[in-house]
Amino acid sequence: MKPQIAELLAAAVAQLKQDNVLPAEFEANIQVENTRDKSHGDLATNLAMTLAKVAGKNPRQLAQMIIDALPASELVEKVEIAGPGFINFFLSQASTNSLLKAILEAGETYGRNNSGAGKKVQVEFVSANPTGPLHIGHGRGAAVGDCICRLLEANGWDVTREFYYNDAGQQINNLALSVQARCKGLTPDHESWPADGYRGDYIIDLANSYMNGDTVVSEDQSYTGAKDADDLEAIRHFAVAYLRREQDLDLKAFGVNFDVYFLESSLYTEGKVEDVVQRLINSGYTYEDGGALWLKTTEFGDDKDRVMRKSEGGYTYFVPDVAYHLNKWQRGFERVVNEQGADHHSTITRVRAGLQALNVGIPQGWPDYVLHQMVTVMRGGEEVKISKRAGSYVTLRDLIDEVGRDATRYFLAARKADGQLTFDIDLAREQSSDNPVYYIQYAHARVCSIFRKLEESGLSWTLESGLAVLDKLELESEKDLIVRLGRFPEVVKSAGSSNEPHMVANYLKDLAAEFHTYYNSEKTLVEDADVRNARLTLAEAVRQVIYNGLHLLGVSAPTEM
RNA sequence: GCGCCCGUAGCUCAAUCGGAUAGAGCAUCGGCCUUCUAAGCCGAGGGUUGCAGGUUCAAGCCCUGCCGGGUGCGCCA
């Protein structure tokens, strides 16, 4: 409804320009907002207040002139001036009726739009290195990242989900050494245990599997254990494949799938690192000092220049990062979203600086970053410290098993990413019945239950019969519910453009609350067939929107609970 | 020391490019099941939005300075 109201206002502004109330050259910024308070109508604009200065009138006086200049419309019941000069619009039943019709005709596509126009977007998330099981922090990344993907798809983008991992660095060597130590029967307290070795029990399982000669198959590779405790290279390959499989299983259980697995090692084997170094040298932003090769990142906002090639000859980690992002750009992703933990923050400036230095037309703020803050885990009233090396864990698998997939996804995605998150496992488990996700799902199940009851009574409802009697929705609560349903598309759009899936969760909670209230105050299956059919139509629209919204969060919409 | 994130009810969190009386859930207290699922609803209490200034018709939101919590700052990845 917002665009229609904005059109009316634009017409009024044009009229006032013609009447010389407003200067002809002036470009008015028309904003139509949802109201928080019902007494302020359904939609409101601050137009009179923003134009008051230019017009040389007080805002309320100007508001009246704008109202007088508004073209007639059957969408609007009445218009009022309120407070310092807000213009409040009360929508007519004709407008809510047509809204309801539009929702039901759109069905599962209601809320979607084509603002992405089919353009390619890549979302990189999780990107855990294969050195251990996924923990709750990865879970947050997985939930937020996947929801961002779903939102982008709903906004008409062509989404590629990508998982990037380092399969060749120092951490992997430590992993291989740790597994090798276990293969030889060593324990972490032994004096020849590797210095930075991984101590978790999963290393034992891994070592046993390798010595058994198991074959592990993950999404992007497979490898058979060589049973040889002295073959470090074979152990390394096996360990990576084994942990990748474990991570894939966890992610699958979480409802998260990837289109592309990108190996950091491929940047080296395919010459992409060398290529990007050469490009940077050619661009003139590099220099040598102390035997190392430096990049002048300070020219692009960094606080000091960064080493690209160490004096001993190896590259620092940010060079493959730049190479990887150049590759993303070359693959034609106009938009890229990197969902990572906030501890990766320092790479943002460096990667962007490197991309700018390449001088290949990459926009300055490219790519987008969504950084989620740490998750603190509480169990038994105490904080659980997560340490890979010490083997202290709250794995994503633990959470899915204990709390459930729907609740875990909801909890991790329903909050803004840029705040720390406290996840109290006992609370999530013990109070599972008070969990907000059930509250939303319950609203969905209730509508389904109404329709089952209808069928049991030998009655029926069709969309046609319902749409024919929408005028029977005379209650204020019914109108409010419809107005809220009408806001769903803008939530999808706004959440999609700002990469903030939590907005969808909040919207659904509010919608569910409004429906529960309505459900308790008005019976749907009443004697009067017209009223009944009209209310069933409304209930079905509510169900559809909750279904669509839950789908965006990757949470199921049960038909009974 | 420098950079970034956060600070909102006892707790966990919202607040849609700066809008009107800052909202939910949990917890506490009091009501509602012979009526479509009580995993629900209705009501009550609970706030100087960390502090102090500034910008404007309007600030939880923007600017400056403090305070507090977190995190990152290597020729490690």
Side-chain angles (χ1 to χ4, degrees), chain A residues 29 31 33-37 39-40 44 46 49-50 52-53 58-59 82-86 88 129 166 169-172 264 289-294 302-304 306-318 320-321 341-349 371-374 376 411 414-424 427 431-436 438-439 441-443 445-454 456-457 487 490-491 493-495 497-498 500 502-503 505-507 509-510 512-513 515-526 532 535-536 539 560-561:
Chain A
N29 175 21
Q31 303 173 42
E33 295 158 354
N34 297 319
T35 55
R36 288 186 190 172
D37 188 330
S39 66
H40 298 146
N46 57 3
M49 289 179 288
T50 58
K53 238 177 206 175
N58 82 54
F86 289 101
N88 295 334
N129 284 339
N166 178 337
Q170 188 53 41
Q171 298 175 60
I172 301 298
E264 182 180 0
D289 184 42
L293 181 67
W294 296 71
D302 204 352
D303 53 0
K304 57 181 174 183
R306 303 291 167 177
V307 170
M308 292 169 58
R309 190 174 58 224
K310 294 176 275 186
S311 48
E312 46 89 344
Y315 294 110
T316 57
Y317 74 93
F318 106 92
D321 274 358
D343 53 338
H344 289 81
H345 158 261
S346 57
T347 69
I348 298 179
T349 309
L371 299 183
H372 63 260
Q373 295 288 323
M374 266 186 38
T376 307
F411 260 87
R415 290 166 165 74
K416 268 188 305 199
D418 58 7
Q420 289 161 238
L421 167 59
T422 304
F423 199 115
D424 188 327
L427 202 71
Q431 300 190 336
S432 62
S433 62
D434 291 324
N435 202 308
Y438 293 123
Y439 182 82
Q441 290 178 319
Y442 186 45
R446 268 186 154 170
V447 175
C448 295
S449 171
I450 294 173
F451 277 91
R452 278 195 299 272
K453 205 79 181 177
L454 176 79
E456 287 169 18
S457 314
R487 293 178 182 173
E490 62 191 75
V491 171
K493 196 164 190 173
S494 176
S497 64
S498 58
E500 294 185 305
H502 77 280
M503 293 175 65
N506 289 331
Y507 170 83
K509 209 174 62 181
D510 291 343
F515 177 72
H516 283 309
T517 297
Y518 173 69
Y519 177 91
N520 274 275
S521 66
E522 309 300 333
K523 191 168 175 175
T524 304
L525 301 178
V526 292
R532 185 175 68 233
R535 289 182 179 174
L536 283 165
E560 56 186 320
M561 294 176 73

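Letters A, B, ... are given to chains in the order of the sequence lines, protein chains preceding strands, and every chain is numbered from 1.
- The two residues A/P320 and A/E264 make their nearest non-hydrogen contact at CG-OE2, 3.5 Å.
- For A/E560 and B/A38, the CD to P distance is 15 Å, given to the nearest whole Å.
- Two residues are said to be in side-chain contact when any heavy atoms from C-beta on lie closer than 4.5 Å; A/E490 and A/N34 meet this criterion.
- If you take atom C1' in B/C66 and the same atom in B/C57, they sit 30 Å apart, rounded to whole Å.
- Annotation: side chain of A/R532 is in contact with side chain of A/L536 (closest heavy-atom distance under 4.5 Å).
- Among the nucleotides B/C13, B/C6, B/G40, the one closest to the side chain of A/D418 is B/C6.
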When every nucleotide of nucleotides 15-22 of chain B is labelled 5' to 3' by its protein contacts under 4.0 Å (heavy atoms), B for base, S for sugar-phosphate only, - for none, what sequence of letters results? SBB-BB--

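- Here the P atom of nucleotide B/C13 and the NZ atom of A/K509 are 12 Å apart, to the nearest Å.
- No side-chain heavy atom of A/F411 sits under 4.5 Å from any side-chain heavy atom of A/L421.
- For A/K53, the side-chain atoms get nearest to B/C57 when compared with the rest of B/C13, B/C41, B/C57.
- The separation between A/F411 atom CZ and B/C26 atom P is 12 Å, rounded to whole Å.
- With sequence neighbours excluded, the residues satisfying salt bridge (Lys or Arg N to Asp or Glu O under 4.0 Å) with A/D302 are A/R306.
- Taking A/Q373 as the reference, A/R140, A/A342, A/Q420 meet the side-chain contact (heavy atoms from CB on, under 4.5 Å) condition, with sequence neighbours excluded.
- Side chain of A/T35 to backbone of A/A44: no donor-acceptor contact under 3.5 angstrom is found.
- Rounded to whole Å, the P atom of B/G43 lies 25 Å from the corresponding atom of B/U16.
- As rounded to the nearest Å, B/G53 and B/A9 have C1' atoms that lie 26 Å from one another.
- For A/S449 (side chain) and A/A445 (main-chain N/O), no donor-acceptor pair under 3.5 Å exists by modelled atom type.
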Toss me the dot-bracket line for RNA chain B: Watson-Crick and G-U wobble, both under 3.5 Å, 5' to 3', using | for pairs to another strand and [ ] for crossers. (((((((..((((.....[...)))).(((((.......))))).....(((((..]....))))))))))))....

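- Comparing B/G40, B/A39, B/C13 by their nearest atom to the side chain of A/H516 picks out B/G40.
- Among the protein residues, A/F451 comes within range of no part of the nucleic acid, since none of its heavy atoms lies under 4.0 Å from any strand.
- Heavy atoms of A/E456 sit nowhere under 4.0 angstrom from any nucleic acid atom.
- A donor-acceptor pair is defined here as one N or O able to donate and one able to accept, closer than 3.5 Å; no such pair exists between the side chain of A/Q31 and the backbone of A/E33.
- With rounding to whole Å, A/D302 atom CG is found 12 Å from B/C4 atom P.
- Taking atom CG of residue A/L525 and atom C1' of nucleotide B/U35, one finds them 11 Å apart after rounding to whole Å.
- Among residues two or more places apart in sequence or in another chain, the side chain to side chain donor-acceptor pair (under 3.5 Å) test is passed with A/H40 by none.
- Nucleic acid contact for A/K453: sugar-phosphate only, since backbone atoms but no base atoms lie under 4.0 Å from a heavy atom of the residue.
- Checking the phosphate oxygens (OP1, OP2) of B/C41, a side-chain nitrogen or oxygen of A/Y439 falls inside 4.0 Å.
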So if I define the base as every atom that isn't primed, P, OP1 or OP2, how would nucleotides 67-77 of chain B read as a B/S/- string at a heavy-atom cutoff under 4.0 Å? --BSSS-SBSB

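- The glycosidic torsion of B/C11 lies more than 90° away from 0, placing the base in the anti range.
- Between the CZ atom of A/F515 and the P atom of B/A39 there is a distance of 15 Å, rounded to whole Å.
- At a threshold of 4.0 angstrom between heavy atoms, the contacts of A/L421 are confined to the sugar-phosphate backbone, with no base atom among them.
- Between the side chain of A/N129 and the main chain of A/N166, a donor-acceptor pair closer than 3.5 Å is present.
- Rounded to whole angstrom, the span from the CG atom of A/N520 across to the P atom of B/C41 amounts to 7 Å.
- Between the side chain of A/S521 and the backbone N or O of A/Y518, at least one donor-acceptor pair lies under 3.5 Å.
- At whole-Å resolution of the value, OH in A/Y507 and P in B/A24 are 17 Å apart.
- Contact annotation for A/A445: base contact, defined as any heavy-atom pair under 4.0 Å involving a base atom.
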